[in-house]
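For reference, the structure is listed below as structure tokens.
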Amino acid sequence: MGERTPLVDTSRTTARRRIVTALTGTALLGLAVQVPATAAPEPAPRTPAASAAAYVTTAYDDTYYKDALGKTGPELKSALHTIISSGVSKLSYSQVWDALKATDQDPENSSNVILLYTGRSQSKDDNGGDPDQWNREHVWAKSHGDFGTATGPGTDIHHLRPTDVSVNSTRGNKDFDNGGSEVGEAPGNYTDGDSFEPRDAVKGDVARMILYMAVRYDGDDGFPDLEPNDKVDNGSAPAIGRLSVLKTWSEQDPPDDFEKNRNEVIFDTYQHNRNPFIDHPEWVDAIW
């Protein structure tokens, strides 16, 4: 498989002039102090994951996430599974159409949705199965675990997104990885025989959707135990890779306003659960 240079976050500087103290609890307080010119040499800059861990806080920490705070590894994953599996409203596959019209609405045109891989703004009503229409993309490919469109993982709108019909077909059920040839109909996306690389602006979105599914569906509800792994060409196994690449994508493309709003709409209006990795992206490294 051809390799490409992964997305690089150029916004991070190689030296820092501030020392930040993060206080956690019911709120996060940062106190920045300018370092005098005569001060001792500065410590090495923190990694992106460490920086995220120092700053991320949400309005839901005292309520929704209270049983997960302070945990790491398997304990954190187990706590989050319980949280995001409780009190969930499930949709039928036909209801997904209308839900996506709300979750993925173009913020600049309320008559349109934004398509995941192309970034194109398209009429909400131009959905279906014809070329250049949009349809329902299972970001965790439904054949990976063979759950189809059954109510549950097959209709979970945290990983269902509007996509161009033919681009959806090009992605198929491929795992995610860097490399391949550019998709002619969706510049910035790349594919080869066993993997798909989405455009830079949604790399983190894809990673956090995949990792949400791995926490939400843990094999205790009649569906397969979904897990990411570090390979491609997983076929019908309940696994998708590459985990190492997904982790990098999550760090380099942090949640933006569109992704955060989507999480809120799903929580408030539809499923009444959240993607914890949008609220706390540092939890990706805390678990994996």
Side-chain angles (χ1 to χ4, degrees), residues 65 68 74 76-91 93 96 99-100 103-104 116-117 136-163 168 171-177 195-196 198 202-232 234-250 253 255 259 262-263 265-267 270-281 283-288:
Y65 292 123
L76 175 57
K77 186 183 179 192
S78 178
L80 291 176
H81 170 72
T82 299
I83 291 167
I84 67 176
S85 302
S86 302
V88 177
S89 296
K90 298 178 181 180
L91 305 179
Y93 198 45
V96 167
L100 295 185
T103 60
D104 291 74
L116 177 65
Y117 298 131
R136 299 159 291 184
E137 154 78 323
H138 290 80
V139 176
W140 184 293
K142 57 184 182 290
S143 63
H144 288 235
D146 196 28
F147 52 76
T149 59
T151 298
T155 64
D156 192 319
I157 54 177
H158 274 296
H159 86 116
L160 280 158
R161 300 291 293 267
T163 56
N168 188 345
R171 187 267 159 139
N173 68 346
K174 295 173 183 176
D175 294 80
F176 293 103
D177 198 0
S195 71
F196 189 88
V202 297
K203 278 182 164 69
D205 307 51
V206 166
R208 287 180 285 273
M209 285 186 279
I210 291 295
L211 299 177
Y212 160 86
M213 292 292 283
V215 173
R216 171 68 179 88
Y217 298 98
D218 217 14
D220 60 358
D221 53 4
F223 293 106
D225 181 3
L226 305 182
E227 288 294 337
N229 61 17
D230 210 33
K231 65 178 187 176
V232 295
N234 278 290
S236 62
I240 280 185
R242 296 185 184 264
L243 176 58
S244 58
V245 172
L246 294 170
K247 289 176 63 178
T248 298
W249 290 353
S250 183
D253 174 36
E259 190 181 1
R262 191 173 195 278
N263 202 24
V265 173
I266 294 172
F267 180 63
Y270 292 99
Q271 291 182 184
H272 310 298
N273 70 343
R274 304 184 68 80
N275 182 333
F277 304 112
I278 296 173
D279 294 323
H280 282 279
W283 281 346
V284 173
D285 275 341
I287 294 175
W288 289 282

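Counting begins at 1 with the first residue of the sequence. On a predicted model such as this, the values are computed, not experimentally measured, just so you know.
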Kindly compute the distance separating [atom1] ([X]) from [atom2] ([Y]), expressed to the nearest 0.5 Å.
X	Y	atom1	atom2	answer
M213	F223	CE	CZ	9.5 Å
T151	K90	OG1	NZ	8.0 Å
D156	Y270	CG	OH	14.5 Å
Q271	I266	CD	CD1	6.0 Å
I83	S78	CD1	OG	9.5 Å
L243	T248	CG	OG1	9.5 Å

Is there a donor-acceptor pair closer than 3.5 Å between any side-chain N or O of [X] and the backbone N or O of [Y]?
X	Y	value
D253	G204	yes
R262	V265	no
H138	G154	yes
R171	V139	yes
S250	L246	no
E137	L116	no
N273	V88	no
T155	G152	yes

Discussion item. Test of understanding: with side-chain contact (heavy atoms from CB on, under 4.5 Å), list the residues that count as partners of P238, not counting sequence neighbours.
Written reply: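 Expected list: P224, L226.
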
Practice prompt. Could you tell me whether F196 and Y117 have their ring centroids closer than 6.0 angstrom?
Written response: yes

Worksheet item: Taking the six-membered ring where the residue is Trp, are the ring centres of F267 and H272 under 6.0 Å apart?
Response: no

Discussion item. Over 60° means perpendicular and under 30° means parallel, so tell me whether W140 and H144 are parallel, tilted or perpendicular.
Written reply: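 Aromatic pair W140/H144 classed perpendicular.
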
Item to complete: Sequence neighbours left out, what passes ring-ring contact (aromatic ring centres under 6.0 Å, His included) with H158? Give chain and number order.
Response: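 Partners of H158 by the ring-ring contact (aromatic ring centres under 6.0 Å, His included) criterion, ordered by chain and then number, come out as Y212.
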
Regarding [X] and [Y], do their side chains bring together a donor and an acceptor under 3.5 Å, going by distance alone?
X	Y	value
S143	N173	yes
N263	N275	no
H81	D220	yes
Y65	D279	yes

Discussion item. Applying salt bridge (Lys or Arg N to Asp or Glu O under 4.0 Å) to K247 and D230, what does each step give before you reach the verdict?
Written reply: CA-CA 11 Å; K247 289 176 63 178; D230 210 33; over 6 Å; no

Discussion item. Between K142 and H159, is there a side-chain heavy-atom distance shorter than 4.5 Å?
Written reply: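 Not touching, per the 4.5 Å side-chain cut-off.
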
Worksheet item: Can we say D177 and R242 salt-bridge, meaning some charged N sits less than 4.0 Å from an Asp/Glu carboxylate O?
Response: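 A salt bridge links D177 with R242.
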
